[in-house]
Novice: 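Okay, here's the structure, questions in a sec.
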2 protein chains.
Amino acid sequence: MSSSITPEPLQRLNVSSSPQERFEEYLQTRGLRQTSQRKFLIDAVFSEHEHFDADELIDRLPAKGEDNYVSSATVYRTLREFVDAGLLKSFQLDGRTVYELDYGYPAHDHLYCTRCKELFEFTSEALVGLRDQVASKMGFRVSGHRMIIQGMCSDCITKSRRKKRKQDLV
Amino acid sequence: MSSSITPEPLQRLNVSSSPQERFEEYLQTRGLRQTSQRKFLIDAVFSEHEHFDADELIDRLPAKGEDNYVSSATVYRTLREFVDAGLLKSFQLDGRTVYELDYGYPAHDHLYCTRCKELFEFTSEALVGLRDQVASKMGFRVSGHRMIIQGMCSDCITKSRRKKRKQDLV
DNA sequence: ATTTGTGCAAAGCCTTTGCATGGGT
DNA sequence: ACCCATGCAAAGGCTTTGCACAAAT
């Protein structure tokens, strides 16, 4: 029961095909095309598993004039496709759209530190059980959920204590 | 245990002062002013307890030229103050900011029907317990949370079945 | 050859803000 | 009299879109 909460970093799951392969399949079944931009973006996105928004992604991509430059419009369009294809998940935080890897990673929820703005992940089977119990009581057919716990992470608790001590000395 | 989920409509709690009184207090302690617009808006907002966004609120307020007209800028500014004052809560849904009554109402979470776009409320003590348990494992100091269960409400399930049956007949 | 994708710039949507005027205290 | 609040219009931040050209099938 208490082991149902997993604060450890999430591991990639064993999945039969890579994100690249899965996206190819997605494109082919809909008569869409494989382009250099799409290939480049999928590699860029899956090269690290942080949370990011469109702007952050654009910042770490080649700038205009450099090789492999991709316009922002295409980045936005492609991020949507990745979500459609089940490669990424997206949600809203502080007004912007945040993306995270979905394909190949276990379902999880988030803790959000309102001081350092960092997102932490956790998994809890009990939460999913509770969700389904609530939904069934309400006659709902569940398709998903979004749980974000807001607060202050341990690092920030420490830092804010230090800061407060300093202030108290003045 | 099973009684910890409350799908029934939320009731107003007994609170010593009205939203109006509480807002007056809030304004006075900060040297802010009571204006006709603020009074009018607080009445408009607390006259029904639905979820709404700025646009929906503006739509049901008097139009430009009519009595008690309030500019959109003031509506936006005032909604923020209501949140600061603890009268309203706000959260993001599908990109827009949704407001709901907070002062005088018990804490709760939401089910969101992605078909009819309606929000339903539920309360669950177990969810709060789980939240605190997760947070403490992660060294977090909790300040709040946001849980939204997405899916299809019972009405929409019925409707979509009917629709499907019709389609099948064609 | 056909049809989708891309880049560019413009527009959209929701919300905030600068500024001059109006109104509480 | 002071200074906060309002209305207006303009600007902001993020995202989408129309269009002409480029590229994939």
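Quick caveat, the model's predicted, so the values are computed rather than measured. In the text below, chain A, chain B and the rest are named by the order of the sequence lines, each starting its count at 1.
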Novice: Between B:Y99 and B:H51, is any pair of side-chain heavy atoms under 4.5 Å apart?
Specialist: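 A side-chain contact is absent here, since even the closest heavy-atom pair is not under 4.5 Å.
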Novice: B:H110 and B:E118: side-chain donor and acceptor closer than 3.5 Å?
Specialist: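 Looking only at side-chain atoms, B:E118 and B:H110 do not form any donor-acceptor pair under 3.5 Å.
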Novice: Go through the side-chain N and O atoms of B:Y76 and B:S71 and say whether any donor and acceptor fall under 3.5 Å apart.
Specialist: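 Distance-only check fails for B:Y76 and B:S71.
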Novice: Quick one: is D:dC8 close enough that its OP1 or OP2 comes under 4.0 Å of any side-chain N or O from B:Y69?
Specialist: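 B:Y69 to D:dC8 OP1/OP2: side-chain N or O found under 4.0 Å.
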Novice: Identify, between B:G31 and B:A73, the residue whose nearest nucleotide on DNA chain D lies closer to the 5' end.
Specialist: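 Nearest nucleotide further toward 5': that of B:G31.
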Novice: Verify the ring-centre separation between A:F140 and B:F120: is it less than 6.0 angstrom?
Specialist: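 That pair passes the under 6.0 Å test.
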Novice: Return no unless some side-chain N or O of B:T74 is found under 4.0 Å from OP1 or OP2 of D:dA5.
Specialist: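 No.
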Novice: Output the rounded distance in Å from CG (A:D84) to C1' (D:dT16).
Specialist: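 Going from CG in A:D84 over to C1' in D:dT16 covers 15 Å.
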Novice: Identify the 5'-most and 3'-most nucleotides of DNA chain C with at least one atom closer than 4.0 Å to a non-hydrogen atom of chain A.
Specialist: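 Extent of the interface on DNA chain C: C:dT3 to C:dC8.
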Novice: For A:T78 and A:Q37, does a side-chain donor sit closer than 3.5 Å to a side-chain acceptor?
Specialist: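 Per modelled atom types, A:T78 and A:Q37 side chains form no pair under 3.5 Å.
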Novice: Could you pull out all residues at least two apart from B:D53 that satisfy salt bridge (Lys or Arg N to Asp or Glu O under 4.0 Å)?
Specialist: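 Here the qualifying residues are B:R96.
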Novice: Check every strand shown and say whether A:R30 touches a base, only sugar-phosphate, or nothing at a heavy-atom separation below 4.0 Å.
Specialist: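 Here A:R30 touches no strand at all.
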Novice: Applying a 4.0 Å non-hydrogen cut-off, can you work out what A:S72 is touching in the nucleic acid: base, sugar-phosphate, or nothing?
Specialist: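 Result for A:S72 = nothing.
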Novice: Please give, in whole Å, the distance from D:dC4 C1' to B:Q37 CD?
Specialist: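 Atom-to-atom, B:Q37 to D:dC4, this comes out as 12 Å.
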Novice: For nucleotides 21-25 of chain D, tabulate all protein N/O to nucleotide N/O atom pairs closer than 3.5 Å, reporting atom names and distance.
Specialist:
from: D:dA24; atom 1: N3; to: A:R33; atom 2: NH1; distance (Å): 3.2
from: D:dT25; atom 1: OP1; to: A:Q34; atom 2: N; distance (Å): 3.4

Novice: Write down the distance between CD (A:E56) and P (D:dC14), rounded to a whole number of angstrom.
Specialist: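 Atom-to-atom, A:E56 to D:dC14, this comes out as 10 Å.
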Novice: What does B:R38 touch in the nucleic acid at a heavy-atom separation under 4.0 angstrom: a base, only the sugar-phosphate, or nothing?
Specialist: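 Answer is sugar-phosphate: B:R38 comes under 4.0 Å of backbone atoms only.
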